[in-house]
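Report on the structure given below.
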Amino acid sequence: QVQLVESGGVSVQAGGSLRLSCAASKYPPTYSHYNMAWFRQAPGKEREGVAAIASDGSTNYADSVKGRFTISKHNNTNTLYLQMNSLKPEDTAMYYCAADLTATIATMSEPEWWTYWGQGTQVTVSS
């Protein structure tokens, strides 16, 4: 049973930057085999995929964050990151990391394909 713990969410002003982290543990067979993703959910809205990274390092981003967010996966520390720059008020949401052995980065927009989830970390961007 993979365990994921997100951190790094805080309140920032528009235009600022944040880096979210997702630490993974208990990851059979090995962490490097997992595809990983970041999702977010704002109050009253559906959970949406933000960025995903495959075990081979290929990535996918939602159009709304392309050029501003960068996902990275460090297999030596079992940690997933989301670097968020040029933050906007509409980026305000609870951010979740997810892991799966078979979900692909093409299914980033479909949360039901992802098996393991963290508890979330809140990002608030004020104007």
Side-chain angles (χ1 to χ4, degrees):
Q1 180 82 8
V2 175
Q3 294 184 352
L4 304 171
V5 179
E6 302 95 334
S7 61
V10 293
S11 296
V12 295
Q13 294 216 324
S17 297
L18 276 180
R19 189 177 77 160
L20 303 184
S21 300
C22 172
S25 61
K26 300 183 181 179
Y27 38 85
T30 60
Y31 179 72
S32 62
H33 292 179
Y34 285 85
N35 300 318
M36 306 289 294
W38 285 98
F39 289 79
R40 66 186 180 187
Q41 188 167 19
K45 294 191 175 181
E46 300 272 324
R47 188 168 296 192
E48 63 171 350
V50 174
I53 185 166
S55 57
D56 65 1
S58 54
T59 58
N60 188 23
Y61 294 92
D63 288 343
S64 59
V65 306
K66 277 181 183 175
R68 300 189 299 123
F69 290 11
T70 302
I71 188 170
S72 61
K73 181 172 177 271
H74 294 200
N75 292 328
N76 57 342
T77 59
N78 304 328
T79 306
L80 179 74
Y81 296 101
L82 184 68
Q83 178 66 42
M84 305 188 293
N85 300 326
S86 303
L87 283 161
K88 304 175 181 180
E90 51 264 43
D91 295 319
T92 295
M94 184 72 79
Y95 283 73
Y96 300 89
C97 65
D100 198 275
L101 284 171
T102 58
T104 67
I105 60 175
T107 60
M108 182 187 73
S109 60
E110 301 182 57
E112 63 271 21
W113 283 81
W114 297 80
T115 303
Y116 303 106
W117 293 84
Q119 83 291 346
T121 187
Q122 178 68 38
V123 173
T124 303
V125 184
S126 57
S127 57

Rounded distance [0.5 Å steps], CD in Gln119 versus OG1 in Thr121: 7.0 Å
Inter-residue atom distance Thr59.OG1 - Lys73.NZ, 0.5 Å rounding: 13.0 Å
Over 12 non-hydrogen atoms of neighbours within 6.0 angstrom of CD in Glu46: no
Where Pro89 and Ser127 come nearest, the two heavy atoms and their spacing: CG-CB, 3.9 Å
Linked hydrophobic residues, Met94 as query - side chain contacts closer than 4.5 Å: Phe39, Tyr96, Trp113, Trp114, Trp117
Any donor-acceptor pair under 3.5 Å from Glu6 side chain to Gly120 backbone: yes
Under 3.5 Å: donor-acceptor pair, side chain of Thr79, backbone of Ala23: no
Single-linkage hydrophobic cluster, 4.5 Å side-chain cutoff, Val10 and Met84 together: yes
Asp91 bridged to Lys88 by N-O distance under 4.0 Å: no
Verify same cluster id: Tyr81, Leu87 (apolar side-chain graph, 4.5 Å): no
Passing option when Tyr61 is tested against Ile71, Ile105, Val50 for side chain to side chain contact (heavy atoms under 4.5 Å, CB included): Ile71
Evaluation steps, side chain to side chain contact (heavy atoms under 4.5 Å, CB included), between Met36 and Leu4: CA-CA 11 Å; Met36 306 289 294; Leu4 304 171; 4.1 Å; yes
Check: Asp100 side chain, Thr115 main-chain N or O, donor-acceptor pair, under 3.5 Å: yes
Residue pair Ala51 / Leu82: nearest heavy atoms and the distance that separates them: CB-CD1, 4.1 Å
Atom of Ser17, atom of Asn85 and distance for their closest heavy-atom approach: OG-OD1, 3.0 Å
Student check: side-chain heavy atoms of Thr92 and Gln122 closer than 4.5 Å: yes
Test item: Val65 and Arg40 side chains (from C-beta on) under 4.5 Å apart, heavy atoms: yes
Plane angle bin for Tyr95 and Phe69 - parallel if under 30°, tilted between 30 and 60°, otherwise perpendicular: tilted
Sequence-distant partners of His33, side chain to side chain contact (heavy atoms under 4.5 Å, CB included), two or more places apart: Pro29, Thr30, Leu101
